[in-house]
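Working notes, beginning with the structure itself.
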Amino acid sequence: MFFLISLHFCRKGKSRNDATMCDLVLLGLVAISLTKPPVATVAPKKEWGGHGSSINLKEIMIGRCFDYLENVNPSAGVKDCAKIWEEFLKVFSGKDPCSIKEQDYNNFLRLVEHDIPVNQSIFWSQTREITSKFSEITASFMPLESTLSGYLVNDLNWCGSRSIKGPNFVSCPSWNDCENNAARSFWRSASKLYASKAQGVVTVMLNGSSTANAFRDTSIFAEIEVGNLDKAKVTLVRLWIIDNLMGPDIESCGRGSVGKLELILMEKGIKYICEDNYRPVQILLCVNKVDFPTCNLDLAP
Ligand code: NFD
């Protein structure tokens, strides 16, 4: 269009100088149109089955970092949020998203590391929501998701691609697409460090209604966390086996996969106690289900 309008005005030009000027402008336009590659209109290819990296990943993580250090847990100390983001990005930017190893996060984890208060480590498996709510409401626990490493990325998605720098916002391998995906390797690596730092009384919340074993062999809790508990630092493990309010009651202390966990702790020389349906957790589950039989709060004087 612009080209045609220019041509029209050139034709109207009277003097010789005008005409030469126009010729040069037109020549320039033609040259630009020939050298500039066409703008891509096709969306980037979806290589993987999972969602792409979270939109605004960088801004969210840097924002969370400042919030954590300023408001959530100032005792984590002074840290450089911009550097933390750079180290995180380095792990996966420009790389095959199925070749991210646990060790790749070492530098990042070193930058975000801080103390975990004694008696506040809490592990979970298939009880993510209730553990998170219970920790928040009691303010007595610091699960991995409340340490800086977990807080920065909890509920986010991320990966890279060999063909681009930065996060791949189009698609990422899902959890089971490949073993060494960015998210899975992160959680394995962060869980290992988190478990190795546990001190004093350690709490574990497992799902007593799970049909896939409360203590599942391939879970991160079973594969990574239990093995990395340091017997010299852990004085007691409290196991809480919590059934869904409507049941079924599949797993209990001393039996099935929970019994297997108890044996592992015994062999490691770590003391433990086990309680089925620890009442304070059950009461929290009951908050919006007061009519359930299990929720009979027995308020009679
Ligand atoms: P889980 P866990 N497919 O409930 N942690 O013992 C997909 F899509 O079985 C924290 O393995 O317990 N996602 C987080 C999966 C993540 C699949 C991992 C699967 N087949 C580990 N399996 C976190 N905050 O997100 C597992 N996942 C994902 C540490 C899914 O996001 C904690 O310190 C699910 O919610 C905790 O003590 C999550 O992994 C222990 O490891 C947990 O699966 C929990 O790992």
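Just follow the structure's listing: the first ligand is 1, and inside any ligand the first atom is 1.
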* Can E251 and S257 be said to form a side chain to side chain contact (heavy atoms under 4.5 Å, CB included), step by step? -> CA-CA 7 Å; E251 296 256 31; S257 71; 2.6 Å; yes
Charged N to carboxylate O under 4.0 angstrom, [X] versus [Y]?
X: R128; Y: D155; result: yes
X: E87; Y: K83; result: yes
X: R188; Y: E223; result: yes

* Can you list the residues that meet the side chain to side chain contact (heavy atoms under 4.5 Å, CB included) rule with E86, with sequence neighbours excluded? ->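 If we apply the side chain to side chain contact (heavy atoms under 4.5 Å, CB included) test to E86, skipping adjacent residues, there are no hits.
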* Please assess C274 against V258 for the test side chain to side chain contact (heavy atoms under 4.5 Å, CB included), listing each intermediate value before the final yes or no. => CA-CA 9 Å; C274 185; V258 181; 4.1 Å; yes
* To do: Run through ligand 1 for me and note each protein residue having a heavy atom under 4.0 Å from it, chain first, then residue number.
  => F123, W124, S125, Q126, R128, L144, E145, N154, W175, N176, W187, S191, R216, S219, I220, F221, E225
